[in-house]
Amino acid sequence: QVHLVESGGGSVQAGGSLRLSCAASGSTYSTYVMAWFRQASGKEREGVAAIYIAGGSTYYADSVKGRFTISQDNAKNTLYLQMRSLKPEDTAMYYCAAQEGDFIRNTLLATYNYNNWGQGTQVTVSS
């Protein structure tokens, strides 16, 4: 079991940037796949980006490719999501998720693969 705490959300104008952080504790962080998801009001939770902690391989949703970057600091057991060129449609609660194991690559952003979730951090992008 791993405990996840997100931070870094806030309000920003369209075109701006934010960096989200997710501090992980309580388990062997290096064996996990970690990911960022988001859920806009009235919509289903969707995957944004994922990373294999051991190898650093990343995977992105088409909607954020070229704008968002997922990264890790293994020394700090912390996951990041750098978000640039933000759009109003990026407005959502952003969640960090983690799961030990190996997934088929095109399922890395499926919510059903993850049993460990943070409490979320709100991102609001105004036009």
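Below, each value reflects all heavy atoms present in this structure, side chains not excepted, and no hydrogens, waters or symmetry copies. Residue indices begin at 1 and follow the sequence shown.
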- Considering residues at least two apart in sequence or located in another chain, which fulfil the side chain to side chain contact (heavy atoms under 4.5 Å, CB included) criterion with Thr111? Phe37, Arg45, Trp117

Polar side-chain atom of [X] near backbone of [Y] as donor-acceptor pair, under 3.5 Å:
X: Asn77; Y: Ser25; value: no
X: Arg67; Y: Ser85; value: yes
X: Thr107; Y: Arg105; value: no

- Message: I'd like to know whether CD of Gln119 has more than 12 heavy-atom contacts from other residues, nucleotides or ligands below 6.0 angstrom.
- Response: yes

For the [atom1] atom of [X] and the [atom2] atom of [Y], what is their distance to the nearest 0.5 Å?
X: Arg38; Y: Glu89; atom1: CZ; atom2: CD; value: 8.0 Å
X: Gln82; Y: Arg19; atom1: CD; atom2: CZ; value: 7.0 Å
X: Gln39; Y: Gln122; atom1: CD; atom2: CD; value: 10.5 Å

I'd like to check [X] versus [Y] (side-chain heavy atoms, cut-off strictly below 4.5 Å). Are they in contact?
X: Thr91; Y: Val123; answer: no
X: Gln72; Y: Thr78; answer: no
X: Glu100; Y: Val33; answer: no
X: Leu108; Y: Ile51; answer: no

Specify the closest pair of heavy atoms between [X] and [Y], including all atoms of both residues, with the distance to one decimal.
X: Ser21; Y: Trp36; result: O-CH2, 3.6 Å
X: Val48; Y: Val64; result: O-CG2, 3.5 Å
X: Leu81; Y: Ala49; result: CD1-CB, 4.2 Å
X: Ala35; Y: Tyr114; result: CB-OH, 3.6 Å
X: Met34; Y: Leu79; result: CB-CD2, 3.9 Å
X: Cys96; Y: Glu6; result: N-OE2, 2.7 Å

- Message: Suppose the criterion is ring pair (Phe, Tyr, Trp, His ring centres under 6.0 Å): which pairs have a residue in residues 50-87, not counting sequence neighbours?
- Response: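 Listed by first then second residue: nothing to list.
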
- For Leu109 and Glu46, run side-chain contact (heavy atoms from CB on, under 4.5 Å): C-alpha distance rounded to whole Å, both residues' side-chain angles, the deciding distance at 0.1 Å, then the answer. CA-CA 7 Å; Leu109 299 182; Glu46 64 173 357; over 6 Å; no

- Query: Can Asp90 and Lys87 be counted as an ion pair, charged N to O under 4.0 angstrom?
  - Reply: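 A salt bridge is absent here (no side-chain N lies under 4.0 Å from a carboxylate O).
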
- Task: Kindly indicate, with the supporting measurements, whether the criterion side-chain contact (heavy atoms from CB on, under 4.5 Å) is fulfilled by Tyr94 and Met83.
- Result: CA-CA 12 Å; Tyr94 282 71; Met83 304 185 293; 3.9 Å; yes

- Given side-chain contact (heavy atoms from CB on, under 4.5 Å), test Ile53 with Asn74 step by step and report yes or no. CA-CA 8 Å; Ile53 296 301; Asn74 286 348; 3.6 Å; yes

